[in-house]
Amino acid sequence: MKISVSKGKVADTSCEATILALFEGKELAGAALQIDTESNGLIGELIGSHDFEAKPSQISVIYTRGSLPAKRIVLVGLGKYGEFNLDKLRAAFAKAMQHLRTLNIKGAAASIDVNSPPPDRKDKVAQAVVEGALLGLYQYAPFKTVDRENLKDVEQLTILTEENDFPLIKAAVEEAETIAHAVLFTRDLVSAPANRMTPAILAKEAGGITGRRGVSCTVLDKVKLNELGMNSLLSVASGSNEEPKFIILEYKGGGTDAAPIVLVGKGVTFDSGGICIKPSDKMDEMKSDMAGGGAVMGAIMASADLQLPLNIVGLIPAAENMPGGTALKPGDVFASYSGKTIEVINTDAEGRLILADALAYASNYKPAAIIDVATLTGACVIALGDDVIGMLGTDDKLKKELQEAGRETGELVWELPLWESYHEPVKSDIADYKNYGGRPAGAITAAAFLSKFVGDFPWVHLDIAGPAWADKDKTYIPKGASGIGVRLLVEFLRSRAGQGSVAGGS
Ligand code: BES
Ligand code: ZN
Ligand code: ZN
């Protein structure tokens with residue numbers, strides 16, 4: 001969908017449909033009042049009769065019948081004024097655009113004159129509107145061959161703004177489009193079936209990001225991984241016919257000697273569980289076990305497109321976890337890249353194995369911060385549910401920054417403790433560490449294991465096992481791959497670069 005920004009008023013704009021977002025129980029103001037006046041009270045009548053109460057994401061379509069240049073007014077509810085946040089706006093615009101799509105409307109205009117309460121700025125409002133519209137309309141259909149003509153899409157959205165706000169809104173809309181496109185890129189990677197998204201294909205997709213200024217990509221293959229002693233990554237891949245890849249994406253937008261931020265993403269292109277094979281119910285969803293790697297790729301894509309003044313490195317250990325005659329077995333022991341030895345208790349705890357080598361590799365960059373993103377544990381889903389990212393780490397400032405980025409983007413993170421006592425269960429009898437510490441506090445002991453391979457650098461681990469894949473439609477996340485982590489990381493990076501909305505981001 002093409003998005004443009006125009007100076008103009010809703011009441012003067014001719015189009016198939018104009019979207020107008022309203023608060024529940026609040027008097028009409030701004031664009032809404034103007035339209036109501038010019039149309040002889042079309043909106044007021046609907047509200048007065050309680051047909052439309054502006055409940056969150058409620059939709060009502062009014063046919064203007066010549067009283068306005070727009071053929072239809074699509075009203076969408078924002079809920080109560082006092083309960084407003086940007087996620088409500090994303091949800092409302094996702095819903096409105098989805099409704100337009102079902103009506104087979106190709107072009108629409110939107111007022112972003114929502115009179116939202118402070119401190120939400122107009123550029124933030126514009127950003128949320130664009131994100132809601134683009135993310136809400138996502139469809140993954142490359143393998144649909146039948147009835148393709150039914151795959152409707154809205155082609156054009158014009159955002160209307162006042163003369164004075166035009167430069168601010170135009171810049172915000174363009175940045176939001178850039179970020180949303182990176183999310184859609186990540187969703188495509190995660191949606192792809194595992195036979196179409198092998199470690200080699202994921203590496204090729206990473207190579208595709210390098211067209212941008214400052215981005216380079218290096219892929220370490222099996223021979224190189226053997227040479228480097230990345231046995232923890234190799235061990236996970238050993239049961240599969242697909243060879244592992246270690247993907248290194250580097251974006252240089254900062255000073256030559258500025259320490260980079262290293263993003264590490266779990267890239268298990270399919271997690272069968274290996275010898276500790278998973279039950280078959282929902283095993284298909286384990287094609288999404290590279291969502292962390294996908295999020296890192298999307299974040300680097302957006303950072304380069306925005307030309308952020310930072311150095312950023314993306315490390316994506318990619319492997320397929322399969323059973324087989326050469327597969328890793330429970331009880332196996334090997335030396336990881338760090339030199340520390342690992343005893344494998346459960347071959348389904350493979351994410352932490354591949355991350356162990358990638359986190360140790362991150363030290364080579366002497367990074368300013370390390371953030372890993374992984375669909376790591378079912379235990380995190382049990383603890384926090386489907387919508388929230390679990391966060392653990394060693395650096396309070398970094399954690400705070402990510403929490404703030406979470407609030408801003410709606411990609412909420414919640415911290416779990418990483419106290420001393422949680423490290424005990426991952427000590428091994430015969431090796432340094434074991435990859436499974438039992439069911440209690442499973443998300444935490446997984447992070448405790450990871451921490452053993454992180455050097456002395458600020459580090460945060462984000463467990464996205466819950467929100468990476470939506471089992472049902474959620475406002476602006478249609479059922480399937482969510483692309484979670486991309487907007488969170490980009491918001492964090494923008495505020496590190498002093499460009500985000502987080503006051504005084506350092
Ligand atoms: N990829 C899974 C975690 C996961 C679960 C992601 C649900 C998305 C949704 C991970 O590799 C895994 O299998 N974890 C096991 C670990 C256990 C065997 C130690 C788990 O959490 O059950
Ligand atoms: Zn697993
Ligand atoms: Zn996994």
Side-chain angles (χ1 to χ4, degrees), residues 190-191 194 197 199 202 232-233 235-240 242 244 264-295 316-323 327-331 342-358 372-390 392 416 422 425-426 428 433-450 461-472 479-485:
V190 179
S191 303
M197 192 47 65
L202 191 65
S232 203
L233 171 56
S235 75
V236 170
S238 62
S240 169
E242 299 294 338
V264 179
K266 172 177 173 181
V268 173
T269 56
F270 187 69
D271 182 10
S272 70
I275 294 297
C276 306
I277 197 160
K278 288 180 181 294
S280 48
D281 186 40
K282 291 199 176 182
M283 200 204 270
D284 58 298
E285 288 180 13
M286 282 300 122
K287 69 176 184 176
S288 67
D289 212 19
M290 37 56 70
I316 300 136
E320 189 180 66
N321 185 23
M322 294 288 274
L328 179 66
K329 304 174 292 298
I342 299 172
E343 180 188 12
V344 176
I345 300 297
N346 191 314
T347 64
D348 197 9
E350 83 300 337
R352 63 198 78 179
L353 293 177
I354 68 169
L355 290 174
D357 279 351
D372 78 74
V373 191
T375 46
L376 202 65
T377 65
C380 195
V381 192
I382 301 301
L384 299 175
D386 278 345
D387 297 329
V388 177
I389 301 171
L392 303 100
L416 298 170
Y422 292 116
V426 294
S428 160
Y433 304 109
K434 56 183 181 190
N435 78 332
Y436 182 49
R439 288 184 64 194
I444 303 180
T445 57
F449 177 88
L450 295 180
H461 158 63
L462 300 172
D463 193 331
I464 58 166
W469 188 263
D471 286 327
K472 54 176 175 27
K479 184 177 170 185
S482 66
I484 190 103

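All values derive from a computational prediction rather than experimental measurement. No hydrogens, no waters, no symmetry mates; every other heavy atom, side chains included, goes into these values. When a ligand or atom number is given, it counts from 1 through the structure's own listing order.
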What part of R439, side chain, backbone, both or neither, has a heavy atom within less than 4.0 angstrom of ligand 1?
-> neither

Beyond-backbone contact of D357 with P317, side-chain heavy atoms, under 4.5 angstrom = no

What are the two closest heavy atoms between G273 and N321, and how far apart are they?
-> C-ND2, 3.4 Å

Which atoms of ligand 1 have any heavy atom of T375 under 4.0 Å away?
-> 1 (N), 2 (C), 3 (C), 6 (C)

Does Y436 reach ligand 1 with a nitrogen or oxygen that is under 3.5 Å from one of the ligand's nitrogen or oxygen atoms?
-> no

Contact check: M286 vs ligand 1, nitrogen or oxygen atoms, below 3.5 angstrom | no

Who are the side chain to side chain contact (heavy atoms under 4.5 Å, CB included) partners of D281, not counting sequence neighbours?
-> none

Can you find an N/O atom of T377 closer than 3.5 Å to an N/O atom of ligand 1?
-> no

Contact check, side chains of S272 and M283, non-hydrogen atoms, under 4.5 Å = yes

Let me check something: any side-chain donor-acceptor pairs from residues 440-449 under 3.5 Å, sequence neighbours excluded? List them with distances.
unit_1 : atom_1 : unit_2 : atom_2 : d
T445   : OG1    : A441   : O      : 3.4
T445   : OG1    : G442   : O      : 3.4

Region of K278 engaging ligand 1 - heavy atom pairs below 4.0 Å | side chain

Closer than 2.8 Å to the Zn ion (ligand 2) - protein N, O or S atoms, ordered by chain and residue number | D271 OD2, D348 O, D348 OD1, E350 OE1

Look only at the side chain of T347 and the backbone of K329, and say whether a donor-acceptor pair between them is shorter than 3.5 Å.
-> no

Do L328 and E350 come close enough that some side-chain heavy atom pair is under 4.5 Å?
-> no

If we number the atoms of ligand 1 from 1 as shown, the ones under 4.0 Å from a heavy atom of K266 are 1 (N), 10 (C), 11 (O)

Residues K266, D372: salt bridge by 4.0 Å N-O rule = no

List in chain and number order the residues that pass side chain to side chain donor-acceptor pair (under 3.5 Å) with K278, two or more places apart in sequence or in another chain; answer none if no residue qualifies.
-> D348

Atom 2 (C) of ligand 1: of N346, V236, D271, V268, the nearest heavy atom sits on D271

